[in-house]
Amino acid sequence: MGPILRRRLLGKYNLGATICLVAILLYTITFFVLQVRLYKGLHMEIEDLGHYDQPLYNSLHGRFLETSLMNPQGGSLFAGHFVPIMLFLIPIYALFPYTYLLFFLQALAAGLGALAVFLLARERLGDELVATCFALAYLLHPSLQGATLNLFHFGFHPGNFFPPLVLFSFYSLLKERYRYFTCFFLLALMVQETYTVSLAALGLYILLTDTRKQRAGTAMLFASFLWFLIATQVVIPYFRALSPPDRLGSMEPVGAELLPALSSLFRQRLSLYLEILRHARHYLFYLLAPLSFLPLAHIPSLLALLPYLFVNLMALTADYPYPLLPNSWHVTPIIPFVFISAVLGGERLSRWAKGVYLKGRLLKAWPLLVLAASAFACYWYGPLPFSRSVDPARYAVDGVIAQSVAEVKALIPPEASLAAARCIASHFTQRRTIHMLRGNWVPDYVLLDLNDEPCHPWSDYRSRQLLPILRESPRWELIYAQNNIFLFRHRPPPMKYPLSANLGNMVQLLGYDLSTDRLKPGDTLQLTLYWQALKKMEANYSVFTHLIDEDNHIWGQKDNWPVNNTHPTTEWVKGEIVIDRYDIIVDRDAPPGECTLEIGMYDLATNERMPILDAQRQVKDNAIILGYVWIESP
């Protein structure tokens, strides 16, 4: 190795950078392992893990970013939030199609922010020890650790990619490396449309404080605003319009927890304002105390965190279902500003210390105090197993229950629809149709877990409520019951003549009942059809029932929308079984002889019949022959 190359490498990858990279590696491994233990121990619920794992899985199986969790009829991930950062994960997921991959990527992404903090601190403070202390303090910060773990319950959220992208973007801008700055900034925009609030705040800070980079600040501000408008007014409405309507309850609109809050903000009680201030004080203390309140030394950059802090706090006025904790994924848009202001505050503190002629040792003591404060905060209220505030059983894995989960997985076909309790459902995200225990759709299987309730602090106890109902219902068959885990399979209603006929890949005829096969003119034939919806239908199909002779003359018929015009096919829920009865009056002029009973569906607007498909999904007819009826002489 030449001396020039050696000097370059040593100058670039010195001891501080090496310590930082090793710490990032340890951080990634540690939090990946902890996430796996939360997952295996059933401490992790399907939200938000399933919101992102299922669309990735469906994308690999020809259903681009499709999810059934926000809407039981199916729909796009982008109908809830615009998170194009997930598109970059699809090729990685194709190589490693495992849920664990998401745990690894978010731990690695969160950890890489330490490198950005190190580079930023070394650039502004010019000291290797100080930069290393800041990088380690970043990794020890309880808010970052809690966000990486999605505070135990939520599994995965792309928000964990946001802090390192913002930090690298800010560092690249300071170094005037505009290509890198643009790349990191655009990637940060792609994390989630609501995070543009934080990026706009950063752009405004740069615009007002750095005359040399006002154009960059203006571009950030304008691009953030434009991205938010396009995402919320064009992209999300477009994908929401493509999602099937859900008569059981539609997806929440973007900012559902914020917009009602803003509309009623000035009509709230004084006690609510005091509650908001109390939460704001708690937030700021939790964020700043691990850094010895150093960010307060640079108020202008610290103010950039206020817009998203306001977003979080305003959810208090909108009945947001989860606690507003400063150490869950809600805080990821705030973390970068805490460390930007800490570095800039440290720079200001160093200049002040030199101005009063403090000795060198004292001058270098404050970074160690910051690191010590972070380590103490990590122990006192961090999420690690040894932290004082964490229950030792938080990361426990019950091998017996884990074995039961594996056994249940083997009993459920991959193509079957499943409704499951919150935490055990997190193990079934890699399937086309998975729901939580809410709504009144009819899945193929229902999975209850009485162990689910203590794992989730906001549990609705649906497993305990549903267990006796499903056990007593003749429509459900219990096929697994061990270790407080119960699996029920939907049992079709009893029918006299079961069969299987596929109508256009939209409806399955499961069978029928017939009152008699011998009639006289003027008699009424009672026919009951058992349909099952295979997908959401956009058209209202009519059902036809015909009694025809060998010359195709109709001697009895009844055409209408299903269930006597009361349950049109546009209201059918995927998996739902519809019991549909028809009273067919035989024409009084019907001659004696054999008649064929045929049924089917057609679109009344076009009179086009729904095709009948064979096992290879090829069209074989446009009507189903149920059997034959004998017309007797009067």
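Bear in mind the structure is a predicted one, so any value in this text is a computation, not a measurement.
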Phe162 and ring-ring contact (aromatic ring centres under 6.0 Å, His included): which partner among Phe184, Phe185, Phe168, Tyr195?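 Going through Phe184, Phe185, Phe168, Tyr195 one by one, the ring-ring contact (aromatic ring centres under 6.0 Å, His included) with Phe162 is satisfied by Tyr195 alone.
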For the rings on Tyr308 and His330, is their centre-to-centre separation under 6.0 Å?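 Aromatic pair excluded; centres sit 6.0 Å or further apart.
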Are Tyr100 and Tyr39 an aromatic pair, judged by ring center distance below 6.0 Å?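 Between Tyr100 and Tyr39, which both carry aromatic rings, the centre distance is below 6.0 Å.
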Could you tell me whether the side chains of [X] and [Y] share a donor-acceptor contact shorter than 3.5 Å?
X      : Y      : result
His157 : Gln106 : no
Gln54  : Thr67  : yes
Tyr57  : Thr99  : no

Using every non-hydrogen atom in the two residues, find where Asp53 and Tyr93 come nearest and quote the distance to one decimal.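 That would be OD1-OH, 2.6 Å.
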Classify the ring geometry of Phe293 against Phe285: parallel below 30°, tilted from 30° to 60°, perpendicular beyond 60°.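 Rings of Phe293 and Phe285: tilted, as their planes differ by 30° to 60°.
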Okay, side chain of Trp227, backbone of Leu189: is any donor-acceptor separation there less than 3.5 Å?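 Judged by distance alone, yes, a pair lies under 3.5 Å.
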Any donor-acceptor pair under 3.5 Å from Asp127 side chain to Val130 backbone: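 Confirmed, Asp127 side chain pairs with Val130 backbone.
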Do Arg388 and Tyr379 meet the cation-pi criteria used here (NZ or CZ under 6.0 Å from the six-membered ring centre, within 45° of the axis)?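 Not flagged: Arg388 not positioned over aromatic ring of Tyr379.
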Residue pairs fulfilling side chain to side chain donor-acceptor pair (under 3.5 Å) with at least one residue in residues 24-36, sequence neighbours excluded: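 Matches after skipping sequence neighbours: Tyr27-Thr148.
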